[in-house]
Chemist: 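The structure is given below, and queries will be raised subsequently.
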Amino acid sequence: MFSIIIPIYNVSKYLPDCLDSIVNQTYKGNLEVFLVNDGSTDDSGEIAQQYEKKYPHIFKYLVKENGGLSDARNFAIPYVHNDYVFFIDSDDYIQPNTLETIANVINNYSPDLIIFDYIKQWEDKGILDKILEGNSRLITNKEYLLANPAAWNKIIKTTILKENKILYPKGLWYEDRATTGQYINFCKKIYYVSEGFYNYRQRDNSIMKQNSYNPKMLDICQAMKMFDCQVDDHEYKSEKEYLFISNLLFQNSLRLLPLKKNKEMKECYDILEKKYPNWKQNVYYQKQSKGYKILCLLISKRLYFISRILIKYKMKGA
């Protein structure tokens, strides 16, 4: 039933936790796991091969030159044989009942796509992050678009990826935002499971925690342009507008302004302003907290110094 793709690059410290979480699944059905060594220079490859040797009925080891996360995911897709694909990052891990629970959902509802909550996992604690309100259920495309776009909290039919040639953009940061939105064009039934299956490890070198500027931070502009082309303007105007606000204005401010990148922030904001000049009237934006809206308005008026002060004090209430 399931094919799991795990890109691997210099994660020897975390990889055993990831692979053990798959070995220890309560699900006992058809499962294949592709371990894609993306040119690791540590002993991650050796660890992956050890698991393949010990559990040859589960793990299949693939090796390629380094090309990044997206390239590693794309590399494994042609090898997939099973009905559903699950992308897992090699420094994360899943709960023991993940696949069994999702298999039951598939048997009962036959969805094209399943999405679920996740747990932000620090060394000493884990915090559940609910991507949608309410209980497990079939959801609308609009609900799906407004949920976390990550590849790793979704399981999708293999035929949808292969027949529509859906691939992740190589070398692009925010590759999930540039890819998973288009799933709505091909999925007739989307099911949300209100349970934190995925443990998303919080590491200091993540994109959101960068303490120095990297030009790749501006990849979000390209990612949003790709997303824009994939999702219909008329049917999903309010949802798209809000996601432009969220990604190019709010979230970008948390990345760029503490690094005093005012020019770069303006470039991103100008994309939003050009496409959605009336963004302040957006229905989803209007529902956000007072702190959220104040920060967005400050940036729209180019009051970056005050914005940085607001960000520094953790945006209480946002």
Side-chain angles (χ1 to χ4, degrees), residues 69 118-131 145-150 171-178 181 200-228 238-318:
L69 178 63
Y118 63 98
I119 300 170
K120 289 182 179 177
Q121 196 72 50
W122 284 266
E123 292 296 331
D124 59 343
K125 65 177 179 179
I127 299 178
L128 176 66
D129 199 327
K130 288 188 64 62
I131 62 171
L145 282 178
L146 294 172
N148 187 303
L172 191 76
W173 280 15
Y174 319 102
E175 77 290 336
D176 299 344
R177 173 55 71 196
Y200 178 41
R201 200 185 297 272
Q202 302 299 291
R203 295 171 61 187
D204 290 337
N205 62 346
S206 69
I207 292 174
M208 287 298 290
K209 295 183 178 180
Q210 293 284 326
N211 56 15
S212 61
Y213 176 68
N214 188 320
K216 296 291 288 179
M217 290 178 175
L218 296 184
D219 280 4
I220 187 61
C221 299
Q222 178 62 27
M224 290 306 297
K225 289 177 182 178
M226 294 177 70
F227 166 77
D228 188 23
S238 294
E239 290 73 28
K240 288 182 65 175
E241 183 177 51
Y242 175 69
L243 290 172
F244 269 74
I245 297 168
S246 175
N247 286 271
L248 294 180
L249 181 48
F250 179 75
Q251 294 180 39
N252 241 9
S253 70
L254 304 183
R255 287 186 284 263
L256 295 173
L257 291 186
L259 304 175
K260 298 184 178 180
K261 291 298 175 180
N262 299 349
K263 177 176 176 289
E264 288 78 4
M265 186 68 239
K266 180 182 180 301
E267 290 175 3
C268 297
Y269 173 71
D270 285 348
I271 296 173
L272 165 65
E273 181 71 17
K274 181 178 180 180
K275 183 171 177 63
Y276 297 111
N278 298 315
W279 61 267
K280 298 181 186 69
Q281 281 72 54
N282 180 270
V283 62
Y284 299 108
Y285 170 76
Q286 290 296 328
K287 293 178 181 179
Q288 299 307 306
S289 69
K290 184 177 180 180
Y292 185 111
K293 288 187 283 189
I294 288 174
L295 178 59
C296 291
L297 290 173
L298 286 171
I299 295 169
S300 71
K301 297 180 182 298
R302 304 183 190 180
L303 297 173
Y304 301 127
F305 177 75
I306 301 175
S307 300
R308 277 195 288 273
I309 294 175
L310 189 57
I311 292 170
K312 181 179 179 181
Y313 286 98
K314 308 294 185 181
M315 287 201 55
K316 292 181 180 180

Chemist: Do NZ/NE/NH1/NH2 and the carboxylate oxygens of D270 and K274 come within less than 4.0 Å?
Modeler: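 Answer for the salt bridge query: no.
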Chemist: Distance check, rounded to the nearest 0.5 Å: L249 atom CG versus E273 atom CD?
Modeler: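 So the gap between those two atoms works out to 10.0 Å.
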Chemist: Could you measure the distance from the CG atom of L259 to the CE atom of M265? Nearest 0.5 Å is fine.
Modeler: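 That separation rounds to 12.0 Å.
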Chemist: What pairs of donor and acceptor atoms, side-chain ones from residues 301-309 against any protein atom, are under 3.5 angstrom apart with sequence neighbours left out?
Modeler:
from	atom 1	to	atom 2	distance (Å)
S307	OG	L303	O	2.8
R308	NH1	N262	OD1	2.8

Chemist: Of all residues at least two apart in sequence or in a different chain, which pass the side-chain hydrogen bond (donor to acceptor under 3.5 Å, both in side chains) check with D228?
Modeler: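 Here the qualifying residues are K240, K275.
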Chemist: With sequence neighbours left out, write down each residue that passes side chain to side chain contact (heavy atoms under 4.5 Å, CB included) with I119, or none if nothing qualifies.
Modeler: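 If we apply the side chain to side chain contact (heavy atoms under 4.5 Å, CB included) test to I119, skipping adjacent residues, the hits are Q121, L128, N199.
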Chemist: Side chain to side chain contact (heavy atoms under 4.5 Å, CB included) with A147: which residues, sequence neighbours excluded?
Modeler: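 Counting only residues at least two positions away or on another chain, A147 forms a side chain to side chain contact (heavy atoms under 4.5 Å, CB included) with I115, I131, L132.
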Chemist: For K260, what residues pass the side-chain hydrogen bond (donor to acceptor under 3.5 Å, both in side chains) criterion, not counting sequence neighbours?
Modeler: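 With sequence neighbours excluded, K260 shows a side-chain hydrogen bond (donor to acceptor under 3.5 Å, both in side chains) to no residue whatsoever.
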Chemist: My understanding is that only residues two or more places apart in sequence, or in another chain, count here; which of them pass side-chain hydrogen bond (donor to acceptor under 3.5 Å, both in side chains) with N282?
Modeler: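 Expected list: E241.
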Chemist: With sequence neighbours left out, what residues match K225 under salt bridge (charged side-chain N to carboxylate O under 4.0 Å, His left out)?
Modeler: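 K225 satisfies salt bridge (charged side-chain N to carboxylate O under 4.0 Å, His left out) with no other residue.
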Chemist: Who pairs with E267 by salt bridge (charged side-chain N to carboxylate O under 4.0 Å, His left out), at least two apart in sequence or on another chain?
Modeler: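 E267: salt bridge (charged side-chain N to carboxylate O under 4.0 Å, His left out) contacts with K263.
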Chemist: Side chain to side chain contact (heavy atoms under 4.5 Å, CB included) between L295 and F250: does it pass, once the steps are laid out?
Modeler: CA-CA 7 Å; L295 178 59; F250 179 75; 4.0 Å; yes
Chemist: Please enumerate all residues that pass side chain to side chain contact (heavy atoms under 4.5 Å, CB included) together with L297, with sequence neighbours excluded.
Modeler: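 Side chain to side chain contact (heavy atoms under 4.5 Å, CB included) check on L297 returns W279, K280, Y285, S300.
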Chemist: Roughly how far, to the nearest 0.5 Å, is the CD1 atom of I127 from the CH2 atom of W122?
Modeler: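 Rounded to the nearest 0.5 Å, the CH2-CD1 separation comes to 4.5 Å.
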Chemist: Calculate, to the nearest 0.5 Å, the distance between atoms CG and OG belonging to L146 and S238 respectively.
Modeler: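 The OG atom of S238 is 9.5 Å from CG of L146, to the nearest 0.5 Å.
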Chemist: Atom CG in N247, atom CD1 in I271: separation rounded to 0.5 Å?
Modeler: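 It comes to 11.5 Å.
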Chemist: Y200 vs Y118 aromatic rings, parallel, tilted or perpendicular, using cut-offs 30° and 60°?
Modeler: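 Ring orientation of Y200 relative to Y118: perpendicular.
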Chemist: How are the rings of Y242 and Y292 set to each other: parallel, tilted or perpendicular (split at 30° and 60°)?
Modeler: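 Y242 and Y292: parallel rings.
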Chemist: Strictly by salt bridge (charged side-chain N to carboxylate O under 4.0 Å, His left out), give each pair with a member in residues 119-129 just once, sequence neighbours left out.
Modeler: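 Sorted result for residues 119-129: K120-D129.
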Chemist: Working to the nearest 0.5 angstrom, can you tell me the gap between Q251 CD and L243 CG?
Modeler: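 It is 9.0 Å, given to the nearest 0.5 Å.
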